[in-house]
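Worth knowing before you read on, the calculation uses all heavy atoms, side chains too, and leaves out hydrogens, waters and symmetry mates.
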Amino acid sequence: MANQETNKHEHKRSWGLLPKLILAIAAGIAIGLITKSMNFEVPVRIAATFNSIFGNFLNFVIPLIIVGFIVPGIADLGAGAGKSLAITAGIAYASTIVAGSFAYGVDSLLFPNFLEKGSIIMDNAQNAEETMLSGYFTVEMPPLMGVMTALIFAFIMGLGIAVIRHEGLKSIFDGFADIVSRLISAIIIPLLPFHIFGIFANMAYAGTVAQIMKVFAVVFLIIIVMHWIMLLIQYSIAGSSAKINPISALKNMIPAYMTAIGTQSSAATIPVTLQCTKNNDVTPQIADFVIPLCATIHLAGSTITLTSCAMAVMMLNGWDVTFGHMFPFILMLGVTMVAAPGVPGGAVMAALGVLQSMLGFNENMLTLMIALYIAQDSFGTACNVTGDGAIAILVDSITGHKPHLQAKAEANK
């Protein structure tokens with residue numbers, strides 16, 4: 001009996017978020033289509049009521065997420081200030097910005113060919129209630145502070161703690177970060193499939209879900225190809241600097257790439273990423289420093305995904321998308337995603353505030369972004385961790401210390 005109970009618990013743990021989201025999307029589409037054919041809107045409106053309440057709760061939590069993640073993240077980066085840290089952080093941030101800008105260029109070129117501008121309206125300001133059903137009631141949950149206020153406060157506190165190295169204050173924000181992380185993993189993530197169910201049921205009832213599924217199937221394919229191209233760019237630069245074959249170095253990282261697809265976690269993949277990086281003859285001390293750090297601060301793959309999905313959602317809503325509009329968003333992504341939590345979709349959770357404050361996304365659009373991001377989170381994570389290996393090669397080349405290779409050369413003589 002005990003073994004049966006243990007097996008049941010293990011089965012529950014193995015039932016990850018992505019399968020739940022897929023089931024929620026399928027069930028939502030089915031319920032939406034069935035109720036539409038019966039002209040019976042009650043189930044969809046009940047789901048819309050939950051969505052409204054959950055959306056307001058998410059809106060309340062976003063400033064807390066910003067403060068909880070950004071303050072300790074910036075404080076940790078400043079605590080170990082040094083040449084290697086500055087070089088690594090600079091390269092990681094530049095890689096993230098280049099990835100987002102690259103995604104904008106490709107998306108601007110390709111998306112208009114298959115995406116009908118203004119075909120799906122999810123923006124409350126543009127009368128979304130004309131196409132999607134509203135709930136029976138809602139519960140207002142005003143956030144403690146605005147998103148921009150939370151961002152500014154987080155930057156000030158994070159930088160301040162890094163400068164004065166106040167361990168007591170840092171400990172408080174570390175504890176607050178743990179509370180927010182547990183809030184996400186224990187409440188938001190478990191309820192997310194129900195929220196996704198309601199969104200897709202409503203879209204199916206409104207007759208817009210087929211177009212969204214068709215559009216984002218193509219968007220996902222473009223995103224994955226961009227991930228691969230970005231990795232080729234990263235390893236070409238690193239290989240040129242270190243005078244090694246970039247293709248061979250990239251092949252050595254395949255185990256890390258495949259492990260990340262399975263784990264959906266940069267942190268969980270660190271041991272494999274470390275070994276693969278050392279197989280590329282990176283100085284062990286450099287690898288031991290760069291890989292864990294980049295697992296937190298380097299999110300090129302996630303930035304490609306978030307930029308592409310955000311642009312697709314904006315275009316579907318009929319919004320104009322310009323580089324002047326998107327570039328500040330990309331710049332902020334590189335900061336707000338620092339120290340994203342080790343939960344599925346951590347990067348998009350950390351980016352919700354920027355999506356809301358800088359791009360003007362409402363609750364429905366934020367929820368769609370979460371679903372879209374998590375659907376390909378494995379590939380974004382794989383791109384992130386594989387790119388960490390390229391940064392390690394580049395940092396090793398720039399610092400120029402390879403005592404292990406010198407010792408190997410002497411031994412071979």
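Counting all heavy atoms, side chain and backbone alike, Pro193 lies closest to Lys20 at CG-CB, 4.0 Å. The nearest pair of heavy atoms linking Ala351 to Leu333 is CB-CD2, 3.5 Å. The shortest heavy-atom contact between Ala89 and Ile297 is CA-CD1, 3.7 Å. The two residues Ala260 and Val385 come nearest to each other via the heavy atoms CB-CG2, 3.6 Å. The two residues Asn51 and Ile199 have their closest heavy-atom pair at ND2-N, 3.1 Å. Closest non-hydrogen pair, Ala300 versus Gln234, comes out as CB-NE2, 3.8 Å.
In this pair, Phe50 and Phe194 present their aromatic rings perpendicular. The plane angle is above 60°, beyond the 30 to 60° band.
Here the CD1-CD1 distance, from Ile91 to Ile237, works out to 10.0 Å after rounding to the nearest 0.5 Å. To the nearest 0.5 angstrom, Ile222 atom CD1 is 10.5 Å from Ile229 atom CD1. In this structure, OG1 in Thr49 is found 6.5 Å from CD1 in Ile53, a value given to the nearest 0.5 Å. Here the straight-line distance linking atom CG of Leu299 with atom CG of Leu306 works out to 9.0 Å at 0.5 Å rounding. Taking CE from Met315 and CG from Asp107, the interatomic distance works out to 7.0 Å, rounded to the nearest 0.5 Å. Considering OG of Ser308 and CZ of Phe216, their distance stands at 10.0 Å, rounded to 0.5 Å.
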Val272/Met258 under side chain to side chain contact (heavy atoms under 4.5 Å, CB included): CA gap, chis, key distance, verdict: CA-CA 10 Å; Val272 181; Met258 299 306 296; over 6 Å; no
Verdict with supporting geometry, Phe60 and Leu144, side chain to side chain contact (heavy atoms under 4.5 Å, CB included): CA-CA 7 Å; Phe60 175 84; Leu144 297 177; 4.0 Å; yes
Side chain to side chain contact (heavy atoms under 4.5 Å, CB included) between Leu355 and Phe329, worked out: CA-CA 8 Å; Leu355 287 165; Phe329 167 73; 3.6 Å; yes
Steps toward side chain to side chain contact (heavy atoms under 4.5 Å, CB included) verdict (Tyr257, Leu231): CA-CA 11 Å; Tyr257 185 91; Leu231 289 175; 4.1 Å; yes
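Remark: the backbone N or O of Pro246 is not paired with any side-chain donor or acceptor of Tyr235 at under 3.5 angstrom. Judged purely by atom type and a 3.5 angstrom limit, Asn56 uses its side chain to pair as donor or acceptor with the backbone of Val139. Distance alone, capped at 3.5 Å, places no donor-acceptor pair between the Ser397 side chain and the Ile393 backbone. With hydrogens and angles ignored, the 3.5 Å screen pairs no side-chain donor or acceptor of Asn252 with any backbone N or O of Asn280. For the pair Thr35 (side chain) and Gly32 (backbone), a donor-acceptor distance under 3.5 Å is present. Checking side-chain atoms of Tyr373 against main-chain N and O of Gly380 turns up no donor-acceptor pair under 3.5 Å.
Partners of Met332 by side-chain contact (heavy atoms from CB on, under 4.5 Å), not counting sequence neighbours, listed by chain and number: Leu151, Phe155, Thr336, Val354, Met358. Scanning for ring-ring contact (aromatic ring centres under 6.0 Å, His included) contacts around His195 gives Phe54, with sequence neighbours left out. For Ala48, the side-chain contact (heavy atoms from CB on, under 4.5 Å) test picks out Asn202, with sequence neighbours left out.
Screening residues 310-321 for salt bridge (Lys or Arg N to Asp or Glu O under 4.0 Å) gives Lys117-Asp320 as the qualifying pairs, with residues at least two apart or on separate chains. For residues 230-242, no pair satisfies salt bridge (Lys or Arg N to Asp or Glu O under 4.0 Å), with sequence neighbours left out.
In this structure, Phe114 has its ring center closer than 6.0 angstrom to the ring center of Phe111.
In this structure, the side chains of Phe57 and Ile187 come closer than 4.5 Å at one or more pairs of heavy atoms. Contact annotation: the side chain of Thr273 approaches that of Met253 to within less than 4.5 Å [non-hydrogen atoms, C-beta and beyond]. A heavy-atom distance below 4.5 Å is not found between the side chains of Trp319 and Val313. The shortest side-chain heavy-atom distance between Val67 and Phe173 falls under the 4.5 Å cut-off. Two residues are said to be in side-chain contact when any heavy atoms from C-beta on lie closer than 4.5 Å; Ile247 and Leu232 meet this criterion. Side-chain contact between Leu250 and Thr386 is present, with at least one heavy-atom pair separated by less than 4.5 Å. Residues Leu23 and Phe197 fail the side-chain proximity criterion, which asks for heavy atoms closer than 4.5 Å. By the 4.5 Å heavy-atom criterion applied to side chains, Ser108 and Met311 are counted as neighbours.
For the side-chain contact (heavy atoms from CB on, under 4.5 Å) criterion with Phe361, the lone passing option out of Leu366, Leu368, Leu352 is Leu366. Paired with Ser302 under the rule side chain to side chain donor-acceptor pair (under 3.5 Å), one option of Thr307, Thr381, Asn384 passes, and it is Asn384.
Within 6.0 Å of atom OH in Tyr93, more than 12 heavy atoms from other residues, nucleotides or ligands are found, so the atom counts as buried in its surroundings.
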Show me the donor-acceptor pairs, under 3.5 Å and distance only, between side chains in residues 97-104 and residues at least two apart or in other chains.
{"residue": "Ser101", "atom": "OG", "partner": "Ile97", "partner atom": "O", "Å": "2.9"}
{"residue": "Tyr104", "atom": "OH", "partner": "Phe323", "partner atom": "N", "Å": "2.9"}

